[in-house]
Colleague: 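Below are the structure tokens for one structure; questions will follow.
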Amino acid sequence: MLAAKLTSQLPLDTLRRIHHGTSYRCLYTLSNVSLHTEGGRTRDASLLSDSSALRRGFYSQSAFRPTFRLRDTQQYGRRSISLSAATIVNSAPRPIQPYLRLMRLDKPIGTWLLYLPCAWSIALAADPGHLPHLGILTLFGTGALLMRGAGCTINDMWDEDFDKKVSRTATRPIASGEISQRQALVFLGGQLSLALCVLSCLNYYSIALGAASLSLVISYPLMKRITYWPQFVLGLTFNWGALLGWSAVKGFCDWSVCLPLYFSGVMWTLIYDTIYAHQDKDDDVKIGVKSTALRFQEQTKPWLSGFTVAMLSGLVVAGVNAEQTLPYYAVLSTVAVHLTHQIYTLDIHKPEDCWKKFVSNRNLGLLLFLGIVAGNLWKERRENLLQNEEEVR
């Protein structure tokens, strides 16, 4: 039906090209209408051809019910498949799509930002000269996915009325009516039950430590109604893994390492989530919620610079106490350059730039993780050199 409708409205010269074997490329061109996405907001781009209405109609169907994108590669006689989290979610059975969007499975950046402090801590706790424990990293990755989903579900349950008033959030499953509060509560119970199963795989010390974070997960969404510092509470919540990762490996927390690492993670969250909050500051004023973006306003960059100094100082202290080596500090200097550039070039009045800077923090976190791993592997070499020197003496 769709193909028939398309061909009935196509110009004659286009039909001739389709007839002569270029249908894939033609239809791909029609479907590839430019969309501009800013932090989850999608807008129709300006359409310049005479068949703009046709193209918009064609794409509007694929935007809400896409499958894997097939690209025509006639020169090689095959098609490639482009994968993304949003594509996978939109390709899932329709009844479960709202639940996947409720847990933000289509926007994995939040899961990364929750997982990375866990990975830092696990890597720091690894034995000298060894890679971090892959099983524990995988376990924490699963837990981060579930707990981020649970946190988003709680947030949307609290914020249903607010979300309806903001264009970026009005299409969220609860705000739009796709999922009821009761259904969301049942789904939340399922996510927390699975997360508890993951937590139960750890030692008793870590189980108690992990359970202690639940109060932060539940209370964080309320903070935007109370204080201009909800990003600080988010930092306390999102970086709990900096404590939990070490205890999962060692069975206890070395506070001389874990507390500076946790502090640095909180400062990092204040940086990236303040940048993120600048996207919504106009809507936040209208609906009466608070954020550090509204607190700092034009003084945002000096505040972010202060958080950056605090974050790097905490990472240096954690590195010294964990006996980190040269590769760690080399990467730390690169992290400092990344943050400096991020803040210096930030335009708080452009939501698309705020989103770009926000998502770049995933790469920053991965870079720091690699620096920790490299620094830990370097320890074995340093110890061998020291032993050789002692033998020579």
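Starting from 1, each residue takes its place in the sequence as its number. Every heavy atom of this structure was used, including side-chain atoms; hydrogens, water molecules and symmetry mates were not.
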Colleague: May I ask whether L315 and L326 are part of the same hydrophobic cluster, defined by side-chain heavy atoms of I, L, V, M, F, W, Y residues being less than 4.5 angstrom apart, directly or through others?
Modeller: no

Colleague: Apply side-chain contact (heavy atoms from CB on, under 4.5 Å) to residues L366 and W112 and explain how you reach the verdict.
Modeller: CA-CA 9 Å; L366 288 171; W112 277 110; 3.7 Å; yes

Colleague: Using side-chain heavy atoms (C-beta onward) and a distance below 4.5 Å, is K357 in contact with Y272?
Modeller: no

Colleague: With the threshold set at 4.0 Å, does a side-chain nitrogen-carboxylate oxygen contact exist between D284 and K290?
Modeller: no

Colleague: With the 4.5 Å side-chain cut-off for hydrophobic clustering, are Y204 and V249 part of the same group?
Modeller: yes

Colleague: Considering all heavy atoms of both residues, which atom of A248 and which atom of I136 are nearest to each other, and what is their separation?
Modeller: O-CD1, 3.9 Å

Colleague: Using a 4.5 Å cut-off on heavy atoms from C-beta on, say whether the side chain of S121 contacts that of L261.
Modeller: yes

Colleague: Which residues pass the side-chain hydrogen bond (donor to acceptor under 3.5 Å, both in side chains) test with S180, sequence neighbours left out?
Modeller: Q183

Colleague: Is the shortest heavy-atom distance from the side chain of V335 to the side chain of L312 under 4.5 Å?
Modeller: yes

Colleague: Side chains of W355 and I109: does their closest heavy-atom pair fall under 4.5 Å?
Modeller: yes

Colleague: Do you know which two heavy atoms are closest between A184 and I174, and how far apart they sit?
Modeller: CB-CD1, 3.7 Å

Colleague: Between T274 and W303, is a side-chain contact (heavy atoms from CB on, under 4.5 Å) present by the stated rule, with each step listed?
Modeller: CA-CA 10 Å; T274 297; W303 277 96; over 6 Å; no

Colleague: Any donor-acceptor pair under 3.5 Å linking the side-chain atoms of Y328 with those of T325?
Modeller: no

Colleague: Using 0.5 Å steps for rounding, measure from the CE atom of M147 to the CH2 atom of W240.
Modeller: 12.0 Å

Colleague: When you measure from the side chain of N376 to the backbone of H130, do you find a donor-acceptor pair of N or O atoms at a distance under 3.5 Å?
Modeller: yes

Colleague: Can you name the side-chain hydrogen bond (donor to acceptor under 3.5 Å, both in side chains) partners of N361, sequence neighbours left out?
Modeller: W268, Q342

Colleague: Can I get a per-line list of side-chain donor-acceptor pairs under 3.5 Å for residues 209-220, giving both atom names and the distance, sequence neighbours left out?
Modeller:
from, atom 1, to, atom 2, distance (Å)
S213, OG, G210, O, 2.7
S219, OG, S215, O, 2.8

Colleague: Are I96 and L100 packed together at the side-chain level, in the sense that at least one heavy-atom pair is separated by less than 4.5 angstrom?
Modeller: yes

Colleague: Is it the case that one hydrophobic cluster holds both I226 and V233, taking links as side-chain heavy atoms less than 4.5 Å apart, direct or via other members?
Modeller: yes

Colleague: Give a yes or no answer on whether the side chain of D106 reaches the backbone of A86 with a donor-acceptor pair at less than 3.5 Å.
Modeller: no

Colleague: By the side-chain hydrogen bond (donor to acceptor under 3.5 Å, both in side chains) test, which pairs, at least two apart or in different chains, include something from residues 304-315?
Modeller: none

Colleague: With S247, which residues qualify under side-chain hydrogen bond (donor to acceptor under 3.5 Å, both in side chains), at least two apart?
Modeller: S206

Colleague: May I ask you to test the L113-D273 pair for a side-chain heavy-atom distance under 4.5 Å?
Modeller: no

Colleague: Start with the C-alpha distance between K356 and D347, add both sets of side-chain angles, then the distance that settles salt bridge (Lys or Arg N to Asp or Glu O under 4.0 Å), and finish with yes or no.
Modeller: CA-CA 10 Å; K356 181 180 177 182; D347 188 340; over 6 Å; no

Colleague: Pairing donors with acceptors under 3.5 angstrom, does anything connect the side chains of T153 and Q191?
Modeller: yes

Colleague: Between the main-chain N or O of M223 and the side-chain N or O of T227, is there a donor-acceptor pair closer than 3.5 Å?
Modeller: no

Colleague: Do D283 and K165 come close enough that some side-chain heavy atom pair is under 4.5 Å?
Modeller: no

Colleague: Between the side chain of S264 and the main-chain N/O of M311, is any donor-acceptor distance below 3.5 Å?
Modeller: yes

Colleague: What I'd like to find out is whether the side chain of Y262 reaches to under 4.5 Å of the side chain of W246, using heavy atoms alone.
Modeller: no

Colleague: Give me each pair satisfying salt bridge (Lys or Arg N to Asp or Glu O under 4.0 Å) with a member in residues 292-305, each pair once, sequence neighbours excluded.
Modeller: none

Colleague: Walk me through it: do R168 and D280 pass the test salt bridge (Lys or Arg N to Asp or Glu O under 4.0 Å)?
Modeller: CA-CA 9 Å; R168 185 177 66 84; D280 298 331; 2.4 Å; yes

Colleague: Is the closest side-chain donor-acceptor distance between T292 and Q231 under 3.5 Å?
Modeller: yes

Colleague: Given side-chain contact (heavy atoms from CB on, under 4.5 Å), test L304 with L346 step by step and report yes or no.
Modeller: CA-CA 11 Å; L304 296 186; L346 172 67; 4.0 Å; yes

Colleague: V198: which residues meet the side-chain contact (heavy atoms from CB on, under 4.5 Å) condition with it, sequence neighbours left out?
Modeller: L139, T142, L146

Colleague: I'd like to check the salt bridge (Lys or Arg N to Asp or Glu O under 4.0 Å) partners of K286; sequence neighbours left out, ordered by chain and number.
Modeller: none

Colleague: Tell me if the centroids of the rings in W229 and F296 come within less than 6.0 Å of each other.
Modeller: yes

Colleague: Could you name each residue pair satisfying salt bridge (Lys or Arg N to Asp or Glu O under 4.0 Å) that touches residues 125-151, not counting sequence neighbours?
Modeller: D127-K250

Colleague: Does the ring centre of F252 sit less than 6.0 Å away from the ring centre of Y205?
Modeller: no

Colleague: Ignoring hydrogens, what is the shortest heavy-atom contact between P132 and F369? Give both atom names and the distance.
Modeller: CG-CZ, 4.1 Å

Colleague: Does Y115 form a side-chain contact (heavy atoms from CB on, under 4.5 Å) with L137? I'd like the steps, not just the answer.
Modeller: CA-CA 9 Å; Y115 174 65; L137 285 172; 3.5 Å; yes

Colleague: Just wondering, more than 12 heavy atoms not from Y329 lying within 6.0 Å of its OH?
Modeller: yes

Colleague: What's the shortest heavy-atom distance between A150 and L192, and which atoms?
Modeller: CB-CD2, 3.8 Å

Colleague: Linking I/L/V/M/F/W/Y whenever any side-chain heavy atoms sit under 4.5 Å apart, do L370 and I372 land together?
Modeller: yes

Colleague: For K281, which residues count as a side-chain contact (heavy atoms from CB on, under 4.5 Å) partner, sequence neighbours excluded?
Modeller: H278, L294, I348, H349

Colleague: Mind checking what makes side-chain hydrogen bond (donor to acceptor under 3.5 Å, both in side chains) contact with N155, not counting sequence neighbours?
Modeller: K224

Colleague: Does anything in residues 172-193 form a salt bridge (Lys or Arg N to Asp or Glu O under 4.0 Å)? List the pairs, not counting sequence neighbours.
Modeller: R101-E178, D156-R172, D163-R172

Colleague: If you compare all heavy atoms of V331 against all heavy atoms of L368, which two are closest, and at what distance to 0.1 Å?
Modeller: CG1-CA, 4.0 Å

Colleague: Can you give me the closest heavy-atom contact between I275 and C354, atom names plus distance?
Modeller: CG2-O, 3.3 Å

Colleague: Please determine whether salt bridge (Lys or Arg N to Asp or Glu O under 4.0 Å) holds for the pair E160 and K164, giving the CA-CA distance in whole Å, both sets of side-chain angles, and the decisive distance to 0.1 Å.
Modeller: CA-CA 6 Å; E160 179 180 5; K164 291 177 180 178; 3.6 Å; yes

